[in-house]
Structures are given as C-alpha cells and as structure tokens.
Amino acid sequence: MNTRVLNLMENKVLSKLTSIPKFNEINWANLSVQLVQKLGVPLIAIGIFLALWGATASQIQTSLGAVPGPVKVWQQTVVLYDEHVEERTKEVAFYERQEKRNAKKLEKNPDAKIKVRSYTGKPTFFDQIITSIITVLTGFIIASLIAIPVGVICGLNTTIYNALNPLIQTFKPVSPLAWLPIVTMIVSAMYISDDPMFSKSFLNSAITVTLCCMWPTIINTTVGVSSIDKDLINVSRVLRLHWLTHVFKIVLPSSVPMMFAGLRVSFGIGWMVLIAAEMLAQNPGLGKFVWDEFQNGSSNSLARIMVAVFAIGLVGFFLDRVMLMLQRSVSWDKNAVLR
Amino acid sequence: MSTKHLEISQVSIEFPTPSVPFKALDQIDLSIKQGEFVSLIGHSGCGKSTVLNIVAGLYQATEGGVILDGKEVNEPGPDRAVVFQNHSLLPWLTAYENVELAVNQVFKGKKSKVEMKEWIEHNLHLVHMDHAMHKRPSEISGGMKQRVGIARALAMEPKVLLMDEPFGALDALTRAHMQDSLIEIQQRLNNTVIMITHDVDEAVLLSDRIVMMTNGPAATIGEILDVDLDKPRNRVELADNEDYNHLRAQVLKFLYERQRKPEEAA
C-alpha cells in the first residue's frame, strides 16, 4: 500500500520534472535573436545618439559656454541628487533641533506654548518632480471627470453633439499660454480664503492642464460611444434596459478602448502643458526649475536644464506606461495589441 | 390556443431616401398560431430581416401593424426575444453574465436571487453550455456563442422567439448540430418561432410552415407551404422520405424558377 502511494507520488513528480524543458532543449538561437531585438538594438541606438550628441554639443558655443555633452549632464544629475540628499539631512536636523528645543521648554515650564514650524528650505529637483506629477494628476483627473461624461453624452445624442462640437473644435487647439493669464485672473478673483488648501499657483497650473487636456478624451469617447455595434444596441432595446444600465453595461464597456486611447493622448498633452504652465505661473515644479536655471545663468545651467529635459521625458514615458497598464487591466479584449 | 396568437397585418414599410421613399415591403399578411414554427425564406435583400425587425419592434411599419395576443406592438420588448445572426453577445461578459443581464431585466422582483441563478443555469443547460458557462465570447467557438445567444433569448420566456439566420455563420456540421438542438428545445418548450433562413433543408426540417417571399423592392409573401411531416423529425430518416423531398423541391422551384435573383432575370 505504502509503496504504491510512493510510486504514485514518484510518477507525479517525474511527470512534472519532464515537463520542464531540459537545458539543451531550450531554443538558444531563438532566445538570442529575441535578446538582440529587445535589448541590443535599443542599446546600440542609444549609444549612437549619445555619440552624436557628444560630438555636436561641444561645437556649439553659447554665452553660458559650450552646450553640455552627455558626460556633463550626467555629472549634474549626480550633483542634483547630492543636493537633494543634503537638503533632506538639513531638514531632518532642523526638526530634531526644533524637537529638542521644544522638549527643553516643556521641561522648564509645562504650560509653555510650543511652536512647530515647518522646514522652509528650497525644494530640490526631486521635490519639483513630485510637485509636477501631483499637479498634472490633479489637472488630468479633473479633465477626465468632465470629459468622459461629456463624451458619452455627445456620443449618445446627435443634437448635443452638434451643439457642442463647434465649441470643442474651437477650444481644442488653444495653447496653454493663452489660457494661463485668464485662469490666473479668475483664480485670484474667485479663490479667496484665509487658510487656502491649495496655493494659487498650483490651481493655476492644474486648471490650465485641465483646460488643455480634456479635448482628446471628449472626442475619442464621443467616437467610441457613437460607434457601438448596432446589434448590441438592439439587444439593449429588446431587453428594454434602463438608460443607466444601458450606459454602464453596454456603452461604457464597448467604448473603453477608444476612451483610453483618448485618455493617453490627454495625459501626454497635460504633461507637456504643465511644464509650460509652471514656467509662467511660477508654480513649484519642473517648469519652474527650468526657468530658474535659465535665469540663474551659471555655467552649469544648461546641463541642469538638460537633466530636467530627460527627467520630463522619462516621467512622461513612465506615466504613459502606467496608463497602459491601467488600460490593459480594464480592457475586456485581451487579444487587442496595445502599445 | 387561439388561432390568432401573432398577427402581422397588412404591413408595408418605406425607407426614406433622398429622392422617392424606397418601399421595401408591401402588404405582408400572416397569422401565426401559438407553438408554431414558421420559416421565412427568400433571396437576400428581399426584406426577410425587415419583417423580423418589424415584429421585434426595432422598425416601425409605415402601414399596418403587428398584433400579439390582441395588443399592437410598436416597440421592442423581451416578449419578442431576438436571436441575432452574429450572436450579439456582450464581449466583456461571460456566457453566464450575458444570460444574467436578460434574466435580471425580465424577472427582477418576480424571482428570488437563487431562483434566477437556477433559471440562468437551466437555460444554459438547455443549450448544452454548462461546461463553458463562465467563459467569455472570445474564448468559445462560433456555434457555442450562438447557443448562448439562444439561451439568452429563451431565458426571457418570450411569447415569440425571433431568429435572424441564427445558424448562417456556422459551418455545415455545427449547423446540423444546432438544428438538432433547436428541434429538441422546441419539442420541450413549444415556443412560437419565426426564423429567417437561406437554407432550404433547414426550413423544411424545422418548420411547420414555410413562408416564401418574393424579391424586392415591395417584397411580399409569394407562397406559404405547409410542412405536415411528423415530429420529431430526424434528418437521416427524412433524407429518403418522399414527402420531404417533394416539399424541398417545391421550395427550390419557388426560389430558383419563379423568383430568380433579380440580376439573373434581367
């Protein structure tokens, strides 16, 4: 009996083992082709780009010295990181000192009033990145909350679409730089509070992002909703679905692919717009960083701006990947090729 | 069992075009008894689907109307369930959820949650889809999708089941299989069915009556053929049956001699 069980187990283990391909069965040729395609080719391209950049940059002289090459930009990246670490240690030290001081005060007189001040050091490059991401997310989320319902309504109702379409098409191409002064004036007139939750500059940039990035989502959602398979609409009619059920069970799921294509374009535009808005609005963020460095005009400024350029690009790329992941998770069509 | 369960009365329909309105159907008159299986056959473009869509309430007849159990029908509703040609399942829902959507809609407040679950499973069982209940449409074959479509329609407990070329997109073997399933279901439930088909064998095998339509424009009923073969029918036995072959020949003659395709006749 026991031996039989053992035999059975042995068989199972063996069959599992044999299902794993043996070392020499792995298709090495195929694997190496994959590796070259996915890793080698991009690396070579990046290498060529760096070489060309390095070669041409030194040829161009500006009032701030030669245009920085890859090496100098990398050095500044390290400097910016060091500055960040330094600032953080200063901050920690500041709070430690404050705590000690307050503790001492309390020791002498338990009723003493203690003041807790927050640290007021200047934001580092990495703080600026975080601020920018928060601002763009705020603007983008507000834009999506407006754009998706508007798009759905436009897609469902031709009359409303005809009414809104000229407005959408007119506002769509407007540059953020044109919106910003108007937004600034309106925000400073409307947002009056003794204890503001958000700073005005933050609102200015976030609202400008909203105004510029909602259009692609509206247009794509409209197209997605209005091109639902007619048979599915007939199914809904035969079932006499309530319009809310119709929207949530049929309209939204079937327009998800188009909607997300729009959302990704919107997010990309929002990120581009934000940098420009921050520059003008002087909202802390990457845009302000670039502007400050430009005004600073040190011999390192160009290299530091270049670091910001790469940071902006990489963050934008990263945010788009996040959107892509989100799109994959909500998309019902798992076979669709999403890029 | 009233003789006038479903009545299509003097139905004509015109579609607006930039010039003159296009008259697709002219004076369609047809009475259908409870439990009767009626096939509509005719060349493509003759307006078979339009008839079905008018009965479903998806189109409005320009003249005349459709009366179901003494009431005129003007809008779509679950009492006239439709099985669409290309299954029309919601691709983001599983087979179970697709049927559930219909059941929730029709039996909300009439059945308890447990009863609804049983009813959904019962209908999927009826079309032999128990094994793939929780798969999405993209994960099952064309025949299986059509089965789920039929289950969804049956689950609404419709007074009339409308089928628009339900097996048209399937291969011959699957189609035969589905026809056998449909015979079995019809035997058990005694539904009133209107089915559109292109397939002469299918029409003779399944129907009590075959309605043959003339070519459009202004198509109408050319001839109605009673199929008085014993039920249940078996395709293999019928292959040598004289009556069966005679009926088949009559439909073929109508389609290919009297109502040749317009472009061929010209």
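Proteins come first, then strands; the chains are lettered A, B, ... in the order of their sequence lines, and each starts at number 1. If you're wondering where the values come from, they're calculated on a predicted model, not measured in any experiment.
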TODO: Would you kindly say whether B:Thr192 and B:Glu36 are connected by a side-chain donor-acceptor distance under 3.5 Å?
DONE: no

Task: Heavy-atom pair with the smallest gap, counting every atom of B:Phe107 and B:Met116 - done: O-CE, 3.8 Å

Open item on the list: For the OG1 atom of A:Thr222 and the CG atom of A:Leu164, what is their distance to the nearest 0.5 Å?
Closed with: 8.5 Å

TODO: Please state whether the side chain, the backbone, both or neither of B:Arg80 comes within less than 4.5 Å of a heavy atom of chain A.
DONE: both

Task: Per-residue contact mode, B:Glu75 against chain A (heavy atom under 4.5 angstrom) - done: both

- [ ] Please determine, among A:Thr245, A:Val235, A:Asp229, the option with the most heavy-atom pairs under 4.5 Å with chain B.
- [x] A:Val235

TODO: Can you label the angle between the B:Phe15 ring and the B:Tyr59 ring as parallel, tilted or perpendicular, going by 30° and 60°?
DONE: perpendicular

Task: Over all atoms of both residues, closest heavy-atom pair of B:Val103 and B:Ala155 - done: CG2-CB, 3.7 Å

TODO: Output the option from B:Leu93, B:Asn53, B:Val106, B:Leu90 having the highest count of non-hydrogen pairs under 4.5 Å with chain A.
DONE: B:Leu90

Open item on the list: For chain A, which candidate among B:Val82, B:Leu101, B:Asp79 shows the most heavy-atom pairs at distances under 4.5 Å?
Closed with: B:Leu101

Task: Portion of B:Ala102 that has a non-hydrogen atom of chain A nearer than 4.5 angstrom - done: both

